[in-house]
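Notes to accompany the following structure.
What you see below is based on every heavy atom in this structure, not just the backbone, and it leaves out hydrogens, waters and symmetry mates. Here is the naming used below: chain letters follow the sequence lines, and residue numbers restart at 1 for every chain.
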Protein chains: 2
Amino acid sequence: MNQHVYLVDDDEAIRDSLGWLFQSRGVDCRAFASAEDFLAACDGGLSGCLLLDIRMDGMSGPELFDLLRARGCTLPVIFLTGHGDVPMAVSALKKGAFDFVEKPCNDNELVNRVLEALSLEASQRAASSTADSVNHRLAALTTRERQVMELVLAGKFNKVIADELQISMRTVEVHRANLFEKMGVKTAVELAGLLTGKR
Amino acid sequence: MNQHVYLVDDDEAIRDSLGWLFQSRGVDCRAFASAEDFLAACDGGLSGCLLLDIRMDGMSGPELFDLLRARGCTLPVIFLTGHGDVPMAVSALKKGAFDFVEKPCNDNELVNRVLEALSLEASQRAASSTADSVNHRLAALTTRERQVMELVLAGKFNKVIADELQISMRTVEVHRANLFEKMGVKTAVELAGLLTGKR
DNA sequence: GGCGGTATTGTGGAAATCCGTAATCGCCCG
DNA sequence: CGGGCGATTACGGATTTCCACAATACCGCC
């Protein structure tokens, strides 16, 4: 899926001018007049970044931000406001917003921030796709295989694993071979490398 | 080393009142009237967090922040200012400041932020100390041992490693045993776990 | 020159892993 | 009820790792 800038602002003049700005820079932009409109039109599978106005009729920008994060949406969010104060900006950034800019703002500045956000999202997406692939393979493992994997990852001998699981060594070997197969690795070390950063 | 709050502010009234506040909450506080004073008194090995005023005679808070970061100091920094604006706050947070609060501020709020910062720094310190320990052991390895380690970590058999390094398998075994000894691990998998996140 | 550290290699055996073949048992599904 | 699947186990052999004992060579340092 191509990246888009999702612009949510209740001011039509802003939507038009920013929409034009992004299109002129070759960035695909989709504008929404309210948080509700955005939610209705975009359920999931988004790619790109969000440009959120703070004050809007109905749901506010920060409320939409919180809702999306709660739903697991990790799109970079740039807040855009004409009436922001310091605590608001601090709160937004500490909650993980990508940026917080005041209107009116320099077009080039804004485009640069957006491009940075898009770049971040692209690498995020790449990283999470490999993570997903690993998780997918992980999910295909049997209960026993997962148990054996844990102990293998703990650096224990098959002999010890067999003892701890109260099964024969041969069974451990079978599970081990099966899980290596499923995870697409040839040795325990490769498996450890694959799971770098988990459990 | 115990944790301290390092307070840098050119307003004596602030230094006194905040100093009293922290002492009353059982938090050790050291106050400095300028960035230069702080730098002169505290070279390295600090533990705790920094409370930095933005506008000061001489070096400003953000300038001191940048300087410390450039020197590798990762202490959490809370900016404290009576004349802050949104871009300033955004810039500070995006550069990694822990927080940005406006004066006058609620005492409890400030103490809470400081306690959060101290807690973060404590876990940071713990993490970096284990990382240091690993790096220290890593530094004690011989060139050959490091080479062998790389290949072991790549999941290769001793046979293959011997071939690639153009040495006998027996030599590889020796290096392998030696480096396991030096790194304090018993198996290749443990080694991989130890180096999770590196190279 | 001797001493210590690193790198190198060999022999040989104990221990562990790897793997093909084969079989039993229990459970869920069509 | 038969088939598929996961879990279990056994035998036996090939491969690999682990380790003690032993030895040679290079290099820098006192």
Side-chain angles (χ1 to χ4, degrees), chain A residues 130-199, chain B residues 130-199:
Chain A
T130 73
D132 276 359
S133 145
V134 170
N135 285 328
H136 192 268
R137 279 177 282 176
L138 224 41
L141 296 182
T142 318
T143 305
R144 263 310 198 217
E145 286 167 350
R146 232 186 308 281
Q147 291 173 355
V148 171
M149 187 184 74
E150 298 292 341
L151 299 174
V152 166
L153 252 25
K156 298 180 177 172
F157 290 137
N158 286 351
K159 177 194 272 193
V160 179
I161 297 173
D163 195 55
E164 289 190 22
L165 294 182
Q166 292 286 298
I167 56 183
S168 87
M169 214 179 91
R170 190 62 188 84
T171 308
V172 175
E173 288 177 31
V174 172
H175 287 318
R176 185 186 181 117
N178 288 340
L179 80 88
F180 278 14
E181 168 75 16
K182 287 184 184 174
M183 297 301 291
V185 300
K186 245 171 58 62
T187 70
V189 178
E190 287 178 47
L191 182 63
L194 204 60
L195 298 184
T196 282
K198 298 185 192 288
R199 60 201 62 263
Chain B
T130 73
D132 277 359
S133 145
V134 170
N135 285 329
H136 192 267
R137 280 176 283 176
L138 224 41
L141 296 182
T142 320
T143 304
R144 263 307 199 216
E145 286 167 351
R146 232 186 308 280
Q147 292 173 354
V148 171
M149 188 184 72
E150 298 291 341
L151 299 173
V152 166
L153 252 25
K156 297 180 178 172
F157 290 138
N158 287 349
K159 179 193 272 191
V160 179
I161 297 173
D163 196 54
E164 289 191 22
L165 294 183
Q166 292 287 298
I167 56 182
S168 87
M169 213 179 90
R170 190 61 189 82
T171 308
V172 174
E173 287 178 34
V174 173
H175 288 317
R176 185 187 182 115
N178 288 340
L179 79 90
F180 277 14
E181 167 76 16
K182 287 183 184 175
M183 298 300 292
V185 299
K186 244 171 58 64
T187 71
V189 178
E190 287 179 47
L191 182 63
L194 204 61
L195 298 184
T196 281
K198 300 185 193 288
R199 62 200 64 260

How about A/Glu164: does its CD atom have over 12 heavy atoms from other parts shown lying under 6.0 Å from it?
yes
Using rotation axes that map the C1' atoms of four end pairs onto the next four (five pairs an end), what angle separates the end axes of the helix from C/dG1-D/dC30 to C/dG30-D/dC1, to 10°?
40°
Tell me: [atom1] of [X] to [atom2] of [N], nearest whole Å?
{"X": "B/Phe157", "N": "C/dA16", "atom1": "CZ", "atom2": "C1'", "value": "13 Å"}
{"X": "A/Ile161", "N": "C/dA15", "atom1": "CD1", "atom2": "C1'", "value": "16 Å"}
{"X": "B/Lys186", "N": "C/dT17", "atom1": "NZ", "atom2": "C1'", "value": "15 Å"}
{"X": "A/Glu145", "N": "D/dG6", "atom1": "CD", "atom2": "P", "value": "8 Å"}
{"X": "B/Glu181", "N": "D/dC18", "atom1": "CD", "atom2": "P", "value": "14 Å"}
{"X": "A/Leu151", "N": "C/dA16", "atom1": "CG", "atom2": "P", "value": "16 Å"}

For B/Ala188 versus B/Val152, what's the shortest heavy-atom pair and its separation?
CB-CG1, 3.9 Å
Can you see which heavy atom on A/Phe180 is nearest to which on A/Thr187, and at what distance?
CE2-C, 3.7 Å
Which residues share a side chain to side chain donor-acceptor pair (under 3.5 Å) with A/Ser168, sequence neighbours left out
A/Thr171
Quick one: do A/Glu145 and A/Arg176 make a salt bridge, cutoff under 4.0 Å?
no
Hey, is A/Arg170 close enough to A/Glu173 for a salt bridge, meaning N to O under 4.0 Å?
yes
Whether B/Asn135 side chain and B/Ala131 backbone form a donor-acceptor pair below 3.5 Å
yes
Side-chain donor/acceptor of B/Arg137 to backbone N/O of B/Lys182, under 3.5 Å:
no
Counting only non-hydrogen atoms, which of residues 165-179 of chain B are less than 4.0 Å from DNA chain D?
B/Met169, B/Arg170, B/Glu173, B/Arg176
Answer yes or no: does a side-chain N or O of [X] lie under 4.0 Å from OP1 or OP2 of [N]?
{"X": "B/Asn158", "N": "D/dT16", "value": "no"}
{"X": "B/Thr142", "N": "C/dA7", "value": "yes"}
{"X": "B/Lys159", "N": "D/dT15", "value": "no"}

After noting the C-alpha distance and the side-chain angles of B/Arg146 and B/Thr142, does the key distance pass the side-chain hydrogen bond (donor to acceptor under 3.5 Å, both in side chains) rule?
CA-CA 6 Å; B/Arg146 232 186 308 280; B/Thr142 320; over 6 Å; no
